[in-house]
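Have a look at the structure below before the remarks.
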Amino acid sequence: MGRVKQVFYMAKAAFLEEQHNKRVIMGFLLGTALFGNWLNYFLQYALDMGEPVNVLEAFIVVEHHHKSILFLAACWLLIISDAPFIKKNTYLLLCRGDRKKWDAAMLQYIMAQAFLYVACIAVVSVAVSMLLGFWGNMWSSPVYNLAMDTNNHLGVKYHISFPWVNVMQEMTVPQAFMVTFIFLFLYLVLIGFLLYVCNLLLKEIYGILAVFGIQISGYLLQQEGVTGFSLMAKAIPGYAIDGNGGQWKAVVLFCAIILILALVSLWLIGWVDFQDEVEGE
């Protein structure tokens, strides 16, 4: 069995085992339910406007809402809070590979789980929107009115906002949907890798507290308008889209940080005491 196949096998084993974990199931259900809360606000607003919306718009609008990002990320941390995913069968997996392969498999697992989490949310938003939506490249009148609501009257009334005229000007709805999906996916992978690295260095509870603290500080910085130092703000494409490819610069930044965290984990994995971790399981 080649190196790639070994890594894939270990990642698949972790994925199948974790999918039956009540904590993981709860994270998916809670994340979808909380997303559905703002989705309901948006669709209720569209119903009151009496105009159809593009079926892809709900995901874009809700993901751009700062509070939804905070809670989606919190549910994501619940899903992967067991990082570095050391179980009683870890020794059996290590017998077929080595620490570096096992580390690569755990990182691959985090990426697969992040993709599934974002995909589930996106599918739910599209499926629900089909009840009163249309397919196409065009932005709808309700979203346009939200973007032009400079005094936030609609935001206060319906608890949803979308002050991102730049997104509507520079992209079609499918393009914005794709970029929004990529940004959320990369952000979740980043904080997933960060939690993984923190838990390799610290005990699980301290790692979770450290990453959650970064989440809260990012939210507060975003609220204060200091978006340049907020990881959470960088998960919202509206801050990056400028007509000059700013969104791809943000993607490169995300990928660079993710790569650095992966390299750090590769170095740290040689120092992990698996026996102590399994005994503490």
Side-chain angles (χ1 to χ4, degrees), residues 1-32 34-35 59 63 69 72-90 92-94 96-127 177-200 204 207-208 211 215 231 235 251 254-266 268-269 272 277:
M1 183 182 292
R3 181 182 180 86
V4 174
K5 288 186 177 180
Q6 285 183 322
V7 171
F8 176 77
Y9 170 80
M10 288 187 280
K12 180 181 177 182
F15 188 84
L16 293 175
E17 184 174 6
E18 289 290 315
Q19 284 304 104
H20 298 288
N21 191 309
K22 293 180 180 178
R23 169 184 44 75
V24 174
I25 295 172
M26 181 61 69
F28 270 89
L29 292 176
L30 191 57
T32 304
L34 290 172
F35 182 89
F59 178 73
E63 197 276 346
I69 285 285
L72 284 176
C75 294
W76 166 241
L77 290 178
L78 176 63
I79 293 171
I80 59 166
S81 61
D82 201 26
F85 316 109
I86 297 175
K87 306 295 182 182
K88 292 180 180 179
N89 65 343
T90 297
L92 296 177
L93 294 174
L94 288 173
R96 300 185 179 185
D98 56 33
R99 286 177 177 246
K100 291 183 179 180
K101 292 177 185 176
W102 183 85
D103 175 68
M106 297 305 101
L107 296 179
Q108 188 180 96
Y109 162 74
I110 291 174
M111 294 178 68
Q113 199 72 282
F115 183 86
L116 181 60
Y117 182 63
V118 179
C120 284
I121 292 169
V123 168
V124 168
S125 69
V126 171
F177 181 89
M178 179 191 70
V179 169
T180 302
F181 190 103
I182 292 172
F183 268 54
L184 182 57
F185 167 70
L186 290 177
Y187 177 62
L188 295 182
V189 170
L190 189 155
I191 60 176
F193 279 22
L194 182 60
L195 177 64
Y196 177 77
V197 168
C198 286
N199 282 356
L200 288 177
E204 239 176 57
I208 293 172
V211 175
Q215 282 285 101
L231 281 176
V251 168
F254 271 128
C255 290
I257 297 174
I258 288 170
L259 178 59
I260 290 170
L261 290 171
L263 292 175
V264 171
S265 75
L266 187 64
L268 285 175
I269 199 66
V272 175
E277 295 286 349

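In this chain, numbering begins with 1 at the start of the sequence shown. No hydrogens, no waters, no symmetry mates; every other heavy atom, side chains included, goes into these values.
Here the closest non-hydrogen pair linking Leu72 and Tyr117 is O-OH, 2.9 Å. Closest heavy-atom contact between Tyr187 and Ala235: CG-CB, 3.5 Å. Closest approach of Leu261 and Leu190 over heavy atoms only: CD1-O, 3.6 Å. Here the closest heavy-atom approach between residue Lys100 and residue Leu266 is recorded as CG-CD1, 3.6 Å. Minimum interatomic distance between Cys75 and Gly27 (heavy atoms only, all atoms of both residues): CB-O, 3.7 Å. For the pair Thr180 and Glu63, the tightest heavy-atom approach, listed with the atom from each and the gap, is CG2-OE1, 3.3 Å.
In this structure, CZ on Arg23 lies 6.5 Å from CG on Leu78, to the nearest 0.5 angstrom. The distance from atom CG of Leu188 to atom CG of Leu195, rounded to the nearest 0.5 Å, is 12.0 Å. A distance of 10.0 Å separates CZ of Phe183 from CE of Met178, quoted to the nearest 0.5 Å. In this structure, CD1 on Ile269 lies 14.5 Å from NZ on Lys101, to the nearest 0.5 angstrom.
For the side-chain contact (heavy atoms from CB on, under 4.5 Å) with Ile79, the lone residue among Asn21, Ile25, Val24, Leu30 that qualifies is Val24.
Put simply, the side chain of Val211 reaches to within 4.5 Å of the side chain of Leu77, judged on heavy atoms. At least one side-chain heavy atom of Phe35 sits under 4.5 Å from a side-chain heavy atom of Phe59. When side chains are defined from C-beta on, Phe181 counts as touching Phe115, because their heavy atoms get closer than 4.5 Å. No side-chain heavy atom of Val189 sits less than 4.5 Å from a side-chain heavy atom of Phe254.
Annotation: Met111, atom CE; neighbour count of heavy atoms from other residues, nucleotides and ligands within 6.0 Å does not exceed 12.
Listed by chain and residue number, nothing satisfies the ring pair (Phe, Tyr, Trp, His ring centres under 6.0 Å) test with Phe193 (two or more places apart in sequence, or in another chain).
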Solution key, residues 118-126 side-chain donor-acceptor pairs under 3.5 Å, sequence neighbours excluded:
unit_1: Ser125; atom_1: OG; unit_2: Ala122; atom_2: O; d: 2.7

Taking distance alone, no hydrogens or angles, what donor-acceptor pairs closer than 3.5 Å link side-chain atoms of residues 103-110 to residues at least two apart or in another chain?
unit_1: Asp103; atom_1: OD1; unit_2: Tyr196; atom_2: OH; d: 2.7
unit_1: Asp103; atom_1: OD1; unit_2: Ser265; atom_2: OG; d: 3.2
unit_1: Asp103; atom_1: OD2; unit_2: Ser265; atom_2: OG; d: 3.2
unit_1: Tyr109; atom_1: OH; unit_2: Gln113; atom_2: NE2; d: 2.7

